[in-house]
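Here's the structure we're looking at; comments come further down.
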2 protein chains.
Amino acid sequence: MFEARLLKASLLKKILEPIKDLVDSANFDCSPVGISLQAMDSTHVTLITLLLRSDGFDSYNCDRSLSLGLSLVSLNKILKCAGNDDFLTIKARDEADTVTFVFESPKSDRISDFEVKLLELKNDQYNIRDSDYSAVVKMPSAELQRICRDLSIMGENVTITANKEGVKFSVSGDSGSGNITVRPTTDTEADLATTIESKEPVVLSFALKFLSNFTKATPLSPTVKLTISETDPIVIEYKIDDIGYLRFFLAPKMD
Amino acid sequence: MFEARLLKASLLKKILEPIKDLVDSANFDCSPVGISLQAMDSTHVTLITLLLRSDGFDSYNCDRSLSLGLSLVSLNKILKCAGNDDFLTIKARDEADTVTFVFESPKSDRISDFEVKLLELKNDQYNIRDSDYSAVVKMPSAELQRICRDLSIMGENVTITANKEGVKFSVSGDSGSGNITVRPTTDTEADLATTIESKEPVVLSFALKFLSNFTKATPLSPTVKLTISETDPIVIEYKIDDIGYLRFFLAPKMD
DNA sequence: GTTCCAGTTA
DNA sequence: TAACTGGAAC
């Protein structure tokens, strides 16, 4: 028997938002540790990983690990049926071929439950090695979102140049070119500080389309962490309050 | 080399707002005197002139005059990438076929630059003679904006009747007709005073569509000056704080 | 292309 | 606080 309860159904909504356009269906792997997900988009360009630790749930019971294969389209439809502040309980019986989502309004005057058929998805586990980063940038997530939106007006690819002094996002297109440079903030105590740990300068290009999509995760966290490495995909991480993270891996564009 | 710096990128945003819907592209003529622009709308009904004197800039360097032909659509897109309080530096090298717009956040933790390709536009210079006015009206710009908006609900043309006693804006349409009369204020020392210099009574009609568009310049100045003449287009002038003006010329409708 | 939502401004 | 505008979703 698996049963997990969240006080905010909207959290799952926010998680689905940036991934539903990239991935049709995915396994939610439930274990005593928590719920995790690994999925690649249909074009196999980006990898998405999600972790929701068991201790971050309002209650969490998982006797045996199980994989809940779900259509994200269906899941998203179901989540649209949740009220803004509804509680969410996810239930699955061992060996069952369905999972149940129960929404409760805070005043308990409205309870809905949706039972969804599980999909048999093959469980690809991707080996993610801890990359030897060239630069790690922490910055306000809204700023990254703004940068992606602004640069999108001029072109389809962004070149990220990171060194100790700052991170430069560059785009070029038919009508011209643009660069946005972010420098580390000096008041490091601020929650929204921009910080850069740079081991070595690095220059890489990425498809703005994907980055813009990732930034739909902005509501999950006020800050975002970019881990940039010459040899590995860039990692865009949104911490999720007290419970885990959502990470996006994107391979650079080769010239 | 041309380089001009404004402490408020938003000033250029406000200037673009009323002209971008009238003109697709225009030459920004840069000289030691400042930046000027003359452009007619695509239907050749209105003429727009802009002057930004060099001494109104935070810094201004212009060795040789040059014309920067810009797509106002592109320029407007770029200005959308500026932060609210960003500084703006405009740079162009002599003989270059691009111009660069540099935005700096006040704390300098974010610098963006956009390089735009210049367009080869023919440089029509329009002969604007100082018209022998029948009436010159100075009034609060917000009031003119309100009048144009209000009258637009009833018809497409406004008839302006000006004499020493006041200025009457009249509209008539299928659902009825309306008149708004503005009289000179008696406390002439007020900044927002309405004043009328009238040489002779004058009655002229104009398309409200254009007038309404011009009043998008309202954020540029608390007051607006209307120069009305029986023989020339009406001139709607918005002074721009310490740096210049934006003027709109509109030919009257003939009955 | 149309509608909905959010941010911004008056 | 309300209207408007711009951006995003369907």
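In what follows, chains carry the letters A, B, and so on, assigned in the order in which the sequence lines appear, proteins first and then strands, with residues in each chain numbered from 1.
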Distance check needed: [N] [atom2] versus [X] [atom1], whole Å only.
{"X": "A:Arg146", "N": "C:dA6", "atom1": "CZ", "atom2": "C1'", "answer": "14 Å"}
{"X": "A:Arg149", "N": "D:dA8", "atom1": "CZ", "atom2": "P", "answer": "6 Å"}
{"X": "B:Lys14", "N": "C:dT8", "atom1": "NZ", "atom2": "P", "answer": "16 Å"}
{"X": "B:Glu143", "N": "C:dA10", "atom1": "CD", "atom2": "C1'", "answer": "16 Å"}
{"X": "B:Asn76", "N": "D:dT5", "atom1": "CG", "atom2": "P", "answer": "14 Å"}
{"X": "B:Glu17", "N": "D:dC4", "atom1": "CD", "atom2": "C1'", "answer": "12 Å"}

Plane angle bin for B:Tyr238 and B:Phe248 - parallel if under 30°, tilted between 30 and 60°, otherwise perpendicular: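 The rings of B:Phe248 and B:Tyr238 stand perpendicular, inter-plane angle above 60°.
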Fit a plane to each ring of B:Phe114 and B:Phe103, take the angle between them on a 0 to 90° scale, and name the class: parallel (under 30°), tilted (30 to 60°) or perpendicular (over 60°).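 Ring orientation, 0 to 90° scale: tilted.
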Hey, are A:Lys216 and A:Asp21 close enough for a salt bridge, meaning a charged N less than 4.0 Å from a carboxylate O? yes
Between [options], which nucleotide has the shortest distance from any of its atoms to the side chain of [X]?
{"X": "A:Lys20", "options": "D:dC10, D:dA8, D:dG6", "result": "D:dC10"}
{"X": "A:Lys80", "options": "D:dA9, D:dC10, D:dG7", "result": "D:dC10"}
{"X": "B:Asn84", "options": "C:dT9, D:dA8, D:dC10", "result": "C:dT9"}

Determine whether a donor-acceptor pair (N or O, by modelled atom type, separation under 3.5 Å) exists between the side chain of A:Ser141 and the backbone of A:Ser221. yes
Reckon B:Lys216 touches a base, only the sugar-phosphate, or nothing at all at heavy-atom distances under 4.0 Å?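 Here B:Lys216 touches no strand at all.
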